[in-house]
Every structure is written in structure tokens, then in C-alpha cells.
Trainee: 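Just dropping this structure here.
Hydrogens, waters and symmetry mates are skipped; everything else that's a heavy atom, side chains included, is used. Reminder, nothing fancy here: chain letters follow the sequence lines and each chain counts from 1.
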Protein chains: 2
Amino acid sequence: MRGMTTLLAHPERDEIRITAVLHALADPVRLQIVRALASKEEGISCGVLDLGVTASTLTHHVRTLREAGVVRVRPQGTARISSLRRSDLDALYPGLLDGVLAARQ
Amino acid sequence: MRGMTTLLAHPERDEIRITAVLHALADPVRLQIVRALASKEEGISCGVLDLGVTASTLTHHVRTLREAGVVRVRPQGTARISSLRRSDLDALYPGLLDGVLAARQ
DNA sequence: GTCAAAGTTCGACCGATGTCGTAATATGCG
DNA sequence: CGCATATTACGACATCGGTCGAACTTTGAC
């Protein structure tokens with residue numbers, strides 16, 4: 001088994017699809033993650049967030065965001081630092097991210 | 001049975017929720033509908049669109065869009081005229097709709 | 001080497017949802 | 001009224017997807 005050594009796959013900018021992005025953003029837990037990342041340019045380990053789900057569920061959500069092209073994930077020790085792919089998203093869908101983040105909670 | 005006389009329920013602007021909107025937009029068929037409506041300010045009968053789904057499936061999608069607050073539907077004869085709730089969406093999530101529509105197909 | 005911390009993987013469960021076909025329901029026109 | 005058109009309602013089906021727990025992997029510290 002390869003386990004955690006599997007390279008973290010990220011779609012290139014031109015591989016990002018709007019339906020995948022919208023689907024990724026349409027879940028409450030994932031939207032909370034995105035909101036948290038929006039205020040942390042340098043990225044964070046999503047495990048520090050209190051989202052009311054287990055670690056395995058959190059893994060599932062972060063992977064969904066990563067595979068959709070919403071976040072970039074880089075290993076750092078035993079942690080995974082996630083950050084918003086803001087420039088890619090703004091280039092592809094100008095206004096989308098700002099609009100989503102403008103929503104009252 | 002009430003049938004088609006059931007009043008078409010629409011959420012008020014302040015009842016629209018971002019997760020419902022994103023979920024509504026995240027489906028390929030519904031996104032095609034939204035794209036079509038974006039170029040028709042006065043609205044259209046969605047039945048005229050060739051989306052590759054049956055009429056009953058189309059009804060399901062239009063209802064999803066309506067209940068999410070993305071479109072407004074008004075009866076006109078035997079038809080249902082759907083139009084984008086652009087001012088509501090722009091007020092709630094400025095840039096979101098434009099960003100989504102900017103996506104290359 | 002041992003141990004703890006952070007994530008991942010896998011399998012399972014279960015509710016949500018996209019799809020269809022069939023039947024029923026308005027609306028408008030003769 | 002009788003009929004065509006446009007749409008809806010209902011029921012069924014298959015798949016998707018969010019959730020968890022248990023076991024495993026990797027990394028870093030001691």
C-alpha cells in the first residue's frame with residue numbers, strides 16, 4: 001500500500017471545471033473550510049478547525065476541495081497545509097469566490 | 001389533489017441560502033438552464049431548450065432552481081416562464097453569477 | 001527503537017438526488 | 001365539450017455522497 005506517500009494530485013488551472021467547483025462549495029462543511037482559508041493567505045492545517053466531523057470525514061472534504069481545484073494542499077511534517085487557489089479561481093471565474101464569501105453566514 | 005394549481009413558492013431574498021444556490025448551480029443541466037436564461041432577460045419556457053432530459057426531469061430541475069431562489073417562474077397559459085433572479089443574486093452574492101457565467105463551457 | 005500526533009484508507013451505512021415512464025392536471029382553441 | 005399542448009405528480013430505480021469507526025502510514029520527538 002502506498003499510503004500517505006501518494007502524490008497529492010491537483011488539477012491544472014485549465015483542468016478546473018465549474019461544476020466541480022460549485023459542487024465542492026455547495027457543502028456546509030467545505031464552505032466553512034473555504035471561509036477559514038480565505039482569511040489565512042499562508043494556509044492552515046484543516047485539522048485545527050472545529051467543524052463537528054471526524055478526521056476521516058474531514059479528509060474526504062479536503063480531498064473534494066483539492067480535486068475540484070479549490071484548494072492547494074502541501075505536506076508539512078505530519079500535517080497538510082491547505083490554502084485557497086484564489087488566483088486560479090479569480091482568473092477562471094472572476095467574482096465567484098468574492099460573491100460566495102460575501103454571503104451572510 | 002391540487003395539481004398544477006399549487007402556488008409556485010419562491011423564497012424571499014433574505015431566505016435564499018448560499019448552499020442551496022451553489023447546489024442548484026452545480027448540476028450540468030441546471031447550469032445550462034441558467035446560461036440560457038442569462039441571455040433572455042424576459043425569461044423563457046424551459047421546455048423549448050434541448051437539454052437531453054425528459055419533461056419530468058426538466059420539471060425537477062426547474063423546481064430545484066426555483067426553490068433555491070435562482071429563478072422566478074410565472075405561469076403564462078399552459079407554459080411556465082422562467083427568468084433569472086439576477087438582482088436578488090447580485091445583491092446577495094455580488095460577482096457570483098457573473099463569475100459562474102464567465103466559465104468556459 | 002518507541003511513541004504520539006496528524007492524516008489516510010477502507011468498508012459500511014443510509015439518506016439525498018438525478019433519471020425515467022406513466023398518469024394526471026391546467027390552459028386555450030375550436 | 002373535446003382535444004392538443006405544456007407541465008406536473010407520483011413511484012420506482014440506481015447512483016452519488018456525507019458520515020462514521022477501525023486499522024494503517026508517515027513524520028517527528030524522545
Trainee: Scan residues 34-43 of chain A against DNA chain D and write down, sorted by residue number, each residue with any heavy atom closer than 4.0 Å; if none is found, say none.
Mentor: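 Listed by number, there are none.
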
Trainee: Examine C:dG18: is either OP1 or OP2 under 4.0 Å from a nitrogen or oxygen in the side chain of B:Arg30? Give yes or no.
Mentor: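 Checking C:dG18 against B:Arg30, a side-chain N or O does come within under 4.0 Å of OP1 or OP2.
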
Trainee: It should be established whether B:His23 places a side-chain nitrogen or oxygen under 4.0 Å from OP1 or OP2 of nucleotide C:dT17.
Mentor: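 For C:dT17, OP1 or OP2 has a side-chain N or O of B:His23 closer than 4.0 Å.
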
Trainee: Could you pull out the protein-nucleic contacts involving nucleotides 21-23 of chain C (nitrogen or oxygen on both sides, under 3.5 Å)?
Mentor:
unit_1	atom_1	unit_2	atom_2	d
C:dG21	O6	B:Ser56	OG	3.0

Trainee: So what does B:Ala79 hit on the nucleic acid, given a heavy-atom distance under 4.0 Å: a base, only sugar-phosphate, or nothing?
Mentor: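 If one applies the 4.0 Å heavy-atom cut-off, B:Ala79 turns out to touch the sugar-phosphate alone, with no base involved.
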
Trainee: For B:Glu15, does the CD atom sit with more than 12 other heavy atoms under 6.0 Å from it, leaving out its own atoms?
Mentor: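 Correct, the count exceeds 12.
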
Trainee: How close or far is atom C1' of C:dT19 from atom CG of B:Leu51, stated in whole angstroms?
Mentor: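 The answer, rounded to whole Å, is 14 Å.
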
Trainee: Have a look at A:His61 and say if it touches a base, only the backbone sugar-phosphate, or nothing, with a 4.0 Å heavy-atom cut-off.
Mentor: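 A:His61: backbone/sugar contact only, no base atoms under 4.0 Å.
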
Trainee: Using the rule that Ile, Leu, Val, Met, Phe, Trp and Tyr join whenever any side-chain heavy atoms are under 4.5 Å apart, tell me whether B:Val29 and B:Leu25 fall into a single cluster.
Mentor: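 Hydrophobic grouping puts B:Val29 with B:Leu25.
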
Trainee: Looking at B:Arg72 and B:Asp88, is any side-chain nitrogen of the basic one under 4.0 Å from a carboxylate oxygen of the acidic one?
Mentor: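 Salt bridge: yes.
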
Trainee: Tell me which of B:Gly52 and A:Cys46 sits closer to the 5' end of DNA chain C, going by the nucleotide each one is nearest to.
Mentor: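 It is A:Cys46 whose nearest nucleotide is closer to the 5' end.
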
Trainee: Quick check: does any side chain N or O of B:Tyr93 sit under 3.5 Å from a backbone N or O of B:Ile18, one acting as donor and the other as acceptor?
Mentor: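 Yes, B:Tyr93 side chain to B:Ile18 backbone: donor-acceptor pair under 3.5 Å.
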
Trainee: B:Arg80 CZ to D:dT7 P: how many Å, rounded?
Mentor: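 So the CZ-P distance, B:Arg80 to D:dT7, works out to 8 Å.
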
Trainee: At under 4.0 Å between heavy atoms, what does B:Val53 touch on the DNA or RNA strands: base, sugar-phosphate, or nothing?
Mentor: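 Sugar-phosphate: the residue B:Val53, judged by heavy atoms under 4.0 Å, touches backbone atoms but no base.
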
Trainee: Looking at B:Asp50, I'd like to know if its CG atom is crowded, meaning that more than 12 non-hydrogen atoms belonging to other residues, nucleotides or ligands lie closer than 6.0 Å.
Mentor: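 No.
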
Trainee: Is it possible for you to say whether B:Ile81 and B:Leu49 belong to one hydrophobic cluster, with membership spreading through side-chain heavy-atom contacts below 4.5 Å?
Mentor: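 Shared cluster, no.
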
Trainee: Would you indicate whether the side-chain heavy atoms of B:Ile16 and B:Arg85 approach each other to under 4.5 Å?
Mentor: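 When only atoms from C-beta onward are counted, B:Ile16 and B:Arg85 do touch, with a gap below 4.5 Å.
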
Trainee: Closer than 4.0 Å, any side-chain N/O of A:Arg63 to the OP1 or OP2 of C:dG7?
Mentor: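 Indeed not, no polar side-chain atom of A:Arg63 lies that close.
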
Trainee: Below the 4.0 Å mark, does D:dT5 have OP1 or OP2 next to a side-chain nitrogen or oxygen of B:Thr78?
Mentor: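 For D:dT5, OP1/OP2 do not have a side-chain N/O of B:Thr78 under 4.0 Å.
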
Trainee: With a cut-off of 6.0 Å (strictly less than), are more than 12 heavy atoms of other residues, nucleotides or ligands near CD of A:Glu42?
Mentor: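 More than 12 within 6.0 Å, yes.
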
Trainee: Heavy-atom count check: over 12 atoms from other residues, nucleotides or ligands less than 6.0 Å from B:Arg35 CZ?
Mentor: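 Buried by this count: over 12 neighbours within 6.0 Å.
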
Trainee: Classify the nucleic acid contact of A:Thr64 as base, sugar-phosphate or nothing, counting any heavy atom under 4.0 Å across all strands shown.
Mentor: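 Nothing, no heavy atom under 4.0 Å.
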
